Amino acid sequence: MTQEADHAATKILLSEAEMPRRWYNIIPDLPSPPPPVLHPGTRQPVGPDDLAPLFPMALIEQEVTTERYVPIPDEVLDVYRLWRPSPLFRARRLERLLGTPARIYYKYEGVSPAGSHKPNTAVPQAFYNAAAGIRRLTTETGAGQWGTALAFASAQFGLECEVWQVRASYDQKPYRKIMIETFGGTIHPSPSDRTEAGRRVLAADPDSPGSLGIAISEAVEVAVQHADTNYALGSVLNHVLLHQTVIGEEALAQLAKVDARPDVIVGCTGGGSNFAGLAFPFLREKLAGRMDPVIRAVEPTACPSLTKGVYAYDFGDTAGMTPLMKMHTLGHDFIPDPIHAGGLRYHGMSPLLSHVYELGLIEAVAKTQRECFEAGVTFARTEGIIPAPEPTHALAACISEALRCKETGEPKVILTALCGHGHLDLPAYGRFLAGDMVDHALSDDAVAAAMAALPSVPA
Ligand SMILES: *Cc1c(COP(=O)(O)O)cnc(C)c1O
């Protein structure tokens with residue numbers, strides 16, 4: 001790389017004219033396609049009609065497309081322009097503190113209206129639903145990032161947005177509720193008494209803290225019952241990962257401006273969408289032999305679906321209403337400990353990302369939350385951005401890698417996605433700073449127990 005180009009750059013920007021005009025679909029570039037999604041009743045592969053009660057046909061087509069590129073509609077590009085292209089930063093102050101010869105770059109998605117990468121998919125999902133004549137969207141949210149993003153996107157296209165938020169987060173994080181309502185959305189704590197699925201959980205445990213799996217069951221139930229209502233999912237599915245590839249496409253173009261090529265790419269994984277969005281365009285380059293980065297997913301030790309889960313068919317929700325997806329899972333009725341990274345508390349992992357992991361194209365590690373918050377505080381004190389609890393996992397892995405480089409003297413280029421800011425997660429930082437935070441690791445017995453409920457499917 002040219003030293004001059006690199007020395008000039010701390011914040012690497014693209015112009016609006018350089019914004020990607022298409023999303024990248026990795027499926028045709030993989031050595032084998034991911035296994036089919038199965039109908040929960042017949043356990044046969046689902047067809048488009050099976051998904052039609054929940055999603056508009058344009059998104060169903062994107063879910064199964066084998067085209068390498070999908071054009072981004074002009075209406076979506078118009079909204080993306082409110083915050084895209086997002087900046088790529090070189091973390092010079094963090095590098096200096098660590099005394100590492102490595103160069104650390106982070107793609108910052110906290111500049112979006114919701115403060116995370118989630119609007120990258122919320123906007124096209126709202127657009128395609130509005131274009132199909134849908135009036136209302138239902139969804140679940142954990143920490144509240146996805147609910148906020150979908151409420152914002154729904155307002156852009158004149159849709160109503162109804163959100164079920166995991167009870168524990170609803171009580172702990174009142175500001176997300178206010179943000180969702182400010183964008184015009186409606187929000188209920190989950191489990192709620194508005195759905196069959198919610199009432200069943202409440203009957204068994206009136207004080208249930210809820211889970212993403214339960215909230216999904218509630219939102220899906222309402223969408224299935226109303227013809228003018230569809231459901232929107234903020235992670236996990238192929239079309240969500242597809243939309244998020246704007247992150248990686250922009251980062252590729254930004255790194256090219258400073259003549260840098262990543263040796264290591266790290267990202268946090270909840271359902272896998274920000275990680276895949278960053279990594280897949282680079283994986284395309286790797287599969288084509290143009291670069292050779294190590295690509296590493298980072299998950300919490302409290303919810304380690306890649307490093308401790310099994311690769312098996314499972315439901316996406318707790319009540320067992322969704323299609324069966326082959327994915328890394330801890331079991332659909334697994335309720336993780338209440339770690340502060342609410343976005344990483346999902347029992348499964350994107351089927352497409354799970355498949356890529358099975359193919360050996362990426363690695364995975366798990367981190368405890370105190371190590372992650374430690375990294376988050378170090379990052380805030382050097383780079384000036386307080387990260388959301390989720391990407392502190394990626395930052396902890398960046399710091400470990402940079403410190404390894406210090407030992408070996410290797411000047412590696414490390415790339416990560418800082419997928420959201422933590423301005424609405426400050427109570428978690430308060431806990432950490434007060435020395436009040438505990439680590440949760442999942443014992444092998446707990447993993448085995450969680451796995452007992454996996455559904456059986458014909459071979
Ligand atoms: C939702 C969320 C995540 C987890 O979702 P992925 O699909 O794995 O990206 C991570 N970070 C932030 C900031 C989130 O809002």
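Note that this is a predicted model, so its numbers are computed, not measured. Just so you know, residue 1 is the first one in the sequence shown, and it goes up from there. Order of appearance sets the numbers: ligands from 1, and atoms from 1 within every ligand. Quick note: numbers below take in every heavy atom, side chains included, and nothing from hydrogens, waters or symmetry partners.
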Could you tell me which atoms of ligand 1, counted from 1 in the order shown, lie closer than 4.0 angstrom to a heavy atom of [X]?
| X | answer |
| --- | --- |
| Gly272 | 6 (P), 7 (O), 8 (O) |
| Ser273 | 6 (P), 7 (O), 8 (O), 9 (O) |
| Thr269 | 8 (O) |
| Gln145 | 15 (O) |

In the protein, what heavy atom is nearest to [atom], and what distance, to one decimal place, separates them?
| atom | value |
| --- | --- |
| atom 4 (C) of ligand 1 | Gly343 O, 3.2 Å |
| atom 7 (O) of ligand 1 | Ser235 OG, 2.5 Å |
| atom 3 (C) of ligand 1 | Lys118 NZ, 3.5 Å |

**Item:** Lys/Arg cation over aromatic Tyr24: Arg68, 6.0 Å, 45° cone
**Value:** no
**From Leu150, Ile216, Val220, residue fulfilling side-chain contact (heavy atoms from CB on, under 4.5 Å) relative to Leu233** = Ile216
**Request:** State which residue, out of Val76, Leu159, Val79, fulfils the side-chain contact (heavy atoms from CB on, under 4.5 Å) condition with Phe127.
**Result:** Val76
Looking at ligand 1, does any of its N/O atoms fall within less than 3.5 Å of an N/O of [X]?
| X | value |
| --- | --- |
| Gly270 | yes |
| His117 | yes |
| Gly420 | no |
| Gly271 | yes |

**Asked** Would Asp439 and Arg370 count as a salt bridge (charged side-chain N to carboxylate O under 4.0 Å, His left out) if you check the C-alpha gap in whole Å, the side-chain angles of each, and the deciding distance to 0.1 Å?
**Response** CA-CA 6 Å; Asp439 285 336; Arg370 278 188 299 189; 3.2 Å; yes
**Which segment of Asn274 sits under 4.0 Å of ligand 1 when only heavy atoms are counted** = both
**Side chain, backbone, both or neither: Gln244 near ligand 1, heavy atoms under 4.0 Å** = neither
**Request:** Decide if the gap between the ring center of His332 and the ring center of Phe315 is smaller than 6.0 angstrom.
**Result:** yes
**Message:** Under the rule for side chain to side chain donor-acceptor pair (under 3.5 Å), what residues qualify as partners of Thr392, not counting sequence neighbours?
**Reply:** none
**Prompt:** Less than 4.0 Å between a side-chain N and a carboxylate O, is that true for Lys326 and Glu358?
**Reply:** no
Run the side-chain donor-acceptor check on residues 375-388: report pairs under 3.5 Å with partners two or more places apart or on a different chain.
| from | atom 1 | to | atom 2 | distance (Å) |
| --- | --- | --- | --- | --- |
| Thr378 | OG1 | Glu374 | O | 3.0 |
| Thr382 | OG1 | Thr378 | O | 2.8 |
| Thr382 | OG1 | Phe379 | O | 3.2 |
| Glu383 | OE1 | Tyr106 | OH | 3.2 |
| Glu383 | OE2 | Arg93 | N | 3.1 |
| Glu383 | OE2 | Leu94 | N | 3.0 |

**Asked** Would Asp263 and Val294 count as a side chain to side chain contact (heavy atoms under 4.5 Å, CB included) if you check the C-alpha gap in whole Å, the side-chain angles of each, and the deciding distance to 0.1 Å?
**Response** CA-CA 6 Å; Asp263 297 300; Val294 169; over 6 Å; no
